[in-house]
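This report refers to the structure that appears directly beneath it.
All values below come from the heavy atoms of this structure, side chains included, with hydrogens, waters and symmetry mates left out. Numbered from 1 within each chain, the chains take letters A, B, ... in sequence-line order.
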Amino acid sequence: MHIAEGIVSPSVMLAGYLATGVATALGLRKTSYEAIPKLAALSAAFFTASLIHINIGPSSTHLLLNGLAGILLGIRIFPAALSALVLQMLFFSFGGISSLGVNTIDMALPGFLVYLAFSGTVRKAEPGIFLFIIGFCCGLTATFLSCLFTSGALVLCDTKYTGSALIIFTAHIPVMLIEGIVTGFALNFLKKVRPEIFKKDEIPS
Amino acid sequence: MKNLLILLAVFLLPRSAMAHKMRVFASNEGDSIKGYVYMSGGARASAVSIELLKDGKMILSDKTAQDGTFSFKISGSGDYQIKADSGDGHAAESTVKIFSSGTQDNEISKESAVQSLPASSGISNDELKKEIAAQISPVLEKLEEMEERTRFRDILGGFGWILGIAGISAWFMSRKKKD
């Protein structure tokens, strides 16, 4: 749910940029040499995920994958999301320069929060039904929080958006379910073939 | 790691993709500006707040119909702007320039010479304009559609940038490690 150009009010734009700047700097500091391929792969996944449309009823939504990225990257989700959003803006004109900060936050922050809540459990879990359920929760929560932050940001820009904030939630219910399923399957698959990507990356000194 | 990248790429490469944006298509037909609001991907956007502005000032506002269409009656030439706002973060705009016919004095004599030609062939000036607008409309639509289409090379371009930046960062970091 990229917020388009020209909607964001100056104060919200500034807050978005500040928060994104701080979070991205923190994320980059913690990116070691070994973590770069993972970051790049998920950034690419973010980039393409928005092209996968889910058209249910009148609204058009797209996949986010921020739950999965959050679990795999932790705080590095901020630089990954920011790079993907910048490239989307340049190549496809999704969103705009004024909403870039806000869009990064409402996409990456849910992923990071999901990481804080679930990563310990994911790391310890074995591939199986339990991990699938945890993955499902991660995907669902991340999408739900994204809706929350986006509608919150819109309402902060202009209270005329309050009514349509509810539309965002209802429009994204199918996305929440699909994200949950995708994240569940993805976590299981990755745990089986590449369990080492869940290990905590060493922080560069 | 390479396998992971390949898997992700295969998993996520869409066959045909359109930009996730709201777009408004507007054109001049007779004495009104008509058009529709749609999400590229094709779905029409209904009940979207739509405004008509002339030279920057709003003069009319409405909501799109069930099929996403709108129609504003206009008077006079100038630069008209159509702004659509769906309220959930999507917004779009379009400009329609209306040219007057023969308002400049030195053009009037030329205009009347041109006007006499269609009359003799049995089609009035207004009907001719309507016919031209009707013919151009689908071409303009197609043009908009083409502009918005996400091309495969754009996706590859994005991937290229990501891989490039990742590669350069990795190179820098590996040098630091060696020291």
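Considering every non-hydrogen atom in both A:I7 and B:A91, the closest pair reads CD1-CB, 3.9 Å. Residues A:I36 and B:M173 come closest through the heavy atom pair CD1-SD, 3.8 Å. Contact detail for B:A170 and A:Y33: the closest heavy-atom pair is O-CE1, 3.1 Å.
One distance of note links CD1 of B:I155 with CZ of A:F91; it measures 10.5 Å at 0.5 Å rounding.
No side-chain heavy atom of B:W161 sits less than 4.5 Å from a side-chain heavy atom of A:L90.
In terms of heavy-atom pairs under 4.5 Å with chain B, the best-connected choice from A:V8, A:I3, A:L39 is A:I3. Heavy-atom pairs under 4.5 Å with chain A peak, among B:A166, B:G167, B:G158, at B:G158.
By the ring pair (Phe, Tyr, Trp, His ring centres under 6.0 Å) test, A:F136 pairs with no residue at all, sequence neighbours left out.
Evaluated for a side-chain contact (heavy atoms from CB on, under 4.5 Å) with A:L87, the options B:D154, B:I165, B:I162 yield exactly one hit, B:I162.
The environment of CZ in A:F185 is sparse: at most 12 heavy-atom neighbours from other residues, nucleotides or ligands sit within 6.0 Å.
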Quiz: residues 104-111 of chain A side-chain donor-acceptor pairs under 3.5 angstrom, not counting sequence neighbours:
{"unit_1": "A:T104", "atom_1": "OG1", "unit_2": "A:L100", "atom_2": "O", "d": "2.7"}
{"unit_1": "A:D106", "atom_1": "OD2", "unit_2": "A:T150", "atom_2": "OG1", "d": "3.1"}

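Looking at A:S83, there are no atoms closer than 4.5 Å to chain B (heavy atoms on both sides), in backbone or side chain.
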